[in-house]
Amino acid sequence: MNQRTTRLGLLVAASAAALLALTACVPNSTTTSRSSSTTKLTVNSSATACAVSANTAPSGTVSFTVTNSADKITEFYLLGADGLRVVGEVENVTPGVKRTLTVQLQPGNYFTVCKPGMAGDGVGRAAFTVTDSGASIKPAGDLTAQTTVAAKNYVAYVKDQVAQLVPANQAFLAAYLAGDDAKARSLYASTRAYYERIEPVAESFGHLDPELDFREADVAEGDEWTGWHRIEKDLWPPAGVGYVALTPDQRKYYADKLSTNVDQLHAAVNSPDYAVSIDAISNGAIGLLDEVASGKITGEEEIWSHTDLWDFQANLEGARVAYEGVRDIAKAKSPSLVKTIDARFAALEKQLAGYGSLTTGFTYYNELSTAQIKSLADGVNALSEPLSKLTATLVK
Amino acid sequence: MEEPRQHGLSRRGLLGLAGAGVVGAGIGIGVDRFALSHDAAATSGVATSYPFYGEHQAGITTAAQDRMHFASYDVADIDRGELISLLKDWTAAAARMTQGRDVGPDGAVGGSLDAPPDDTGEALDLPAAGLTITFGFGPTLFTSNDGTDRFGLAGKRPEALIDLPHFAGDALQDEFVGGDLCIQACSNDPQVAVHAIRNLSRIAFGRASIRWSQLGFGRTSSTTRDQVTARNLFGFKDGTANVKAEDSSEVDEHVWVPDGDSAPWMTGGSYLVARKIRMTIETWDRASLREQERIFGREKGTGAPLTGGGEFTEPNFSKRRTDGTLVMDPASHVRLAHPKQNKGAVILRRGYNFVEGNDDLGRLNAGLFFLAFQRDPRTQFVRIQKSLAGHDAMNEYTRHIGSAIFAVPPGARKGSYVGAPLFEG
């Protein structure tokens, strides 16, 4: 995070109330083929598995009837090809109860996953393929309905990311508290990725982002510096400047504080009041690219660990998810803008992939040449400029 | 044909025109870019606005404005069609801005509240202030450094668009060298010039990005007879012997590419050489007045050659003192740069002073951003610079740290775009 972020609070939705009335199974598109039948599938969500009756379906209407055979409340998610974007979900499935998700699916690759206990990255994550039935599928309903679905799915995505952040952060802090600094260092950047994907959301909750993500330079004289970057400095202590390592008690203090703040974030996004508006999603995508342009591309975000490209990747993924959620709506209004944004997203993703991945790790920022950084900055500018027009296109 | 907008053409200006013996609307080719307005308050002699479209691009023989923002661009990994679309977008934007208008139809405040404004807004309420925007094509647009012909233009590269040779003493820094495209924005208001480069750069995102850029705060050359010869940061008049817009035969001979040169698409265009020259101000300031004048070959106050007369008197390089020594040091700048020493080579200089704060040693980071337009750099800039590079007494106080060359295409016709003959010819 950096203090220049200007889109604070945009993700706090004004039009929340309408969304709350929705059931969990709003279709996200409708099929126009004359007599396409619904493909009916079942899902058994147990404590350890997420058994879907088939791993493929023809494009068109697909329903998933979810049975909870575990003893905790569960959720079922259908995710996009990136494994991040929520295409559809059912939540609050209590033990013994059945609920159905009905969606209109385009041909492509998806993932299914269940989340008993509604935390962590879920169980039974599996690929799900939709083959081309030949049916023509268009976004369902009027603009209002499409907008509602987009907003709902984005909230589900935010919840999913925070749900994964909680255990990842616990593992990171456990290593840190145990004095296993090497392990803590190895978990640092990948833990933060869950947060960096949805950072504009956290920024909407006032104190949370400053306490979680302030860099040392962001802190005003006299204010306390807490959060990931405080621990980052302790894990990658600067040499030769008299840095004093934190004591075990101090480590516990900062770890507890970080853990509490992440829990608060989890509670906030799971509050029944939490919702987003369509422009907030779009502005969130723009805000994530701004984060890249102002903090990551300059190496200021991760000044001790130099893991800026991990944050860059996560910001980019988060922006892509937000964009994909509203893409159909934007496409109907400005096909040329969507075409440009599509191409620039793809180009930047390809460029960044040249430096690694969240799975295998990235080149450290301090190992990049000036020319490489300039080239990445050009890619960010190339995407950000058309993306900055997305919100106006959506709301016009 | 260029005429300043109404509020730039005062009654006094019209009288001045008549007095200058220029009659009617038809002012000859070559003199179409100098100010027609001679308002007493406008000491620089620069009109309020210049037309963008015309036979030649503006910003060359146009009376040198006081301020400049110059930018060199690298073209992204795009195709020929996208490059053309960039030039079209740039042309449309430049045509608007040079007339004092916002960069796009919605402007700075006329568009959607949910979208970033078309125009960045810092030039709202400001007049065109004599803004000219001049575009150029670097050698790497035609052939990349690795030999790639990215846009199918390799065969169109003019022979005159050479890769500049290494000159003795060059201390070039990569970050100030080269570029696929350039834009020179000149104005009498620095904010207007910066606004132009900023908005054109914004339009280019994803298609081209700035490689380096330069601000200049004071013109060091006059390009019309009305303009007082300005001084460089050494405190000397610079550009006394410059090609002046009024000398149409000189302009035609030395500045514009004539019909029949090797690259037909360049007819009416020119070649631009840019050199970023750092000056070591502090040591210069410790040199005696005699030494300074010896180095230049001119008097510091009047600008007259040391061999006598006034500012515009021709120097006499063979004049000797009673003891037999030459009055004009053979290594003086004025002698080595003089056409007589360079087989008649003449260039149109349009440089600007710059100061960019200070360096690590607390010295002013200052110098001259040298810009020269010419018909053929091989027989003009290169010839002169070879003469200067190894021998100029001034070299002790200067260092060339940036360098670039561009083919400046002819002006665009209304309805067309800058560079159209290159792509369509």
Side-chain angles (χ1 to χ4, degrees), chain A residues 6-7 10 14 147 277-287 289-290 292-293 297 326 329-330 333-334 336-337 339-351 354 369-396, chain B residues 71-86 88-90 93 103-121 140 144-146 150 173-181 197-213:
Chain A
T6 54
R7 292 187 170 86
L10 281 169
T147 301
S277 61
I278 187 92
D279 54 328
I281 300 171
S282 167
N283 285 332
I286 298 164
L289 262 292
D290 287 351
V292 174
I297 208 70
V326 299
I329 301 169
K333 298 185 174 188
S334 178
S336 63
L337 179 68
K339 190 180 169 206
T340 304
I341 295 176
D342 282 353
R344 303 256 170 105
F345 252 123
L348 185 56
E349 285 162 353
K350 186 179 167 199
Q351 197 185 357
S369 72
T370 306
Q372 287 172 320
I373 293 167
K374 165 78 162 41
S375 175
L376 286 166
D378 284 349
V380 172
N381 283 331
L383 171 58
S384 300
E385 196 62 33
L387 197 62
S388 72
K389 298 181 176 126
L390 182 63
T391 303
T393 303
L394 287 168
V395 301
K396 83 180 172 190
Chain B
S72 166
Y73 295 82
D74 288 329
V75 178
D77 184 18
I78 59 174
D79 62 25
R80 183 182 168 109
E82 288 168 300
L83 174 61
I84 291 170
S85 79
L86 171 62
K88 286 180 174 172
D89 292 349
W90 271 357
V103 69
D106 286 341
V109 293
S112 162
L113 281 173
D114 290 300
D118 256 8
D119 184 290
T120 54
T140 46
S144 304
N145 287 328
D146 63 3
R150 288 179 289 169
Q173 299 172 13
D174 271 351
E175 62 265 36
F176 306 127
V177 171
D180 296 333
L181 298 168
I197 293 296
R198 175 180 174 185
N199 281 273
L200 293 168
S201 299
R202 188 174 170 219
I203 288 169
F205 281 133
R207 294 182 283 186
S209 69
I210 291 190
R211 180 182 176 84
W212 52 268
S213 68

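Order of the sequence lines fixes the chain letters, A, B, ..., with proteins taken first and strands second; residue numbering starts at 1 for each chain. When reading the values below, keep in mind they use all heavy atoms of this one structure, side chains included, and skip hydrogens, waters and symmetry mates.
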### Message
Are there over 12 heavy-atom neighbours, none belonging to B:Asp77, within less than 6.0 Å of that residue's CG?
### Response
no
### Query
How many angstroms lie between atom OG1 of A:Thr391 and atom CG of B:Leu113, to the nearest 0.5 angstrom?
12.5 Å
## Note on the structure
Residue pairs passing the salt bridge (Lys or Arg N to Asp or Glu O under 4.0 Å) test with at least one member in residues 374-395 of chain A, sequence neighbours excluded, are A:Lys374-A:Asp378, A:Glu385-B:Arg202
### Top of B:Ser209, B:Ser112, B:Ala115 for chain A proximity - count of heavy-atom pairs under 4.5 angstrom
B:Ser209
### Task
Kindly write out the residues that satisfy salt bridge (charged side-chain N to carboxylate O under 4.0 Å, His left out) with A:Glu349, not counting sequence neighbours, or none if the list is empty.
A:Arg320
### Task
Step through the shown structure and confirm whether more than 12 heavy atoms of other residues, nucleotides or ligands are within 6.0 Å of NZ on A:Lys339.
no
### Query
In terms of heavy-atom pairs under 4.5 Å with chain B, which of A:Pro386, A:Ser282, A:Ala382, A:Gly379 leads?
A:Ala382
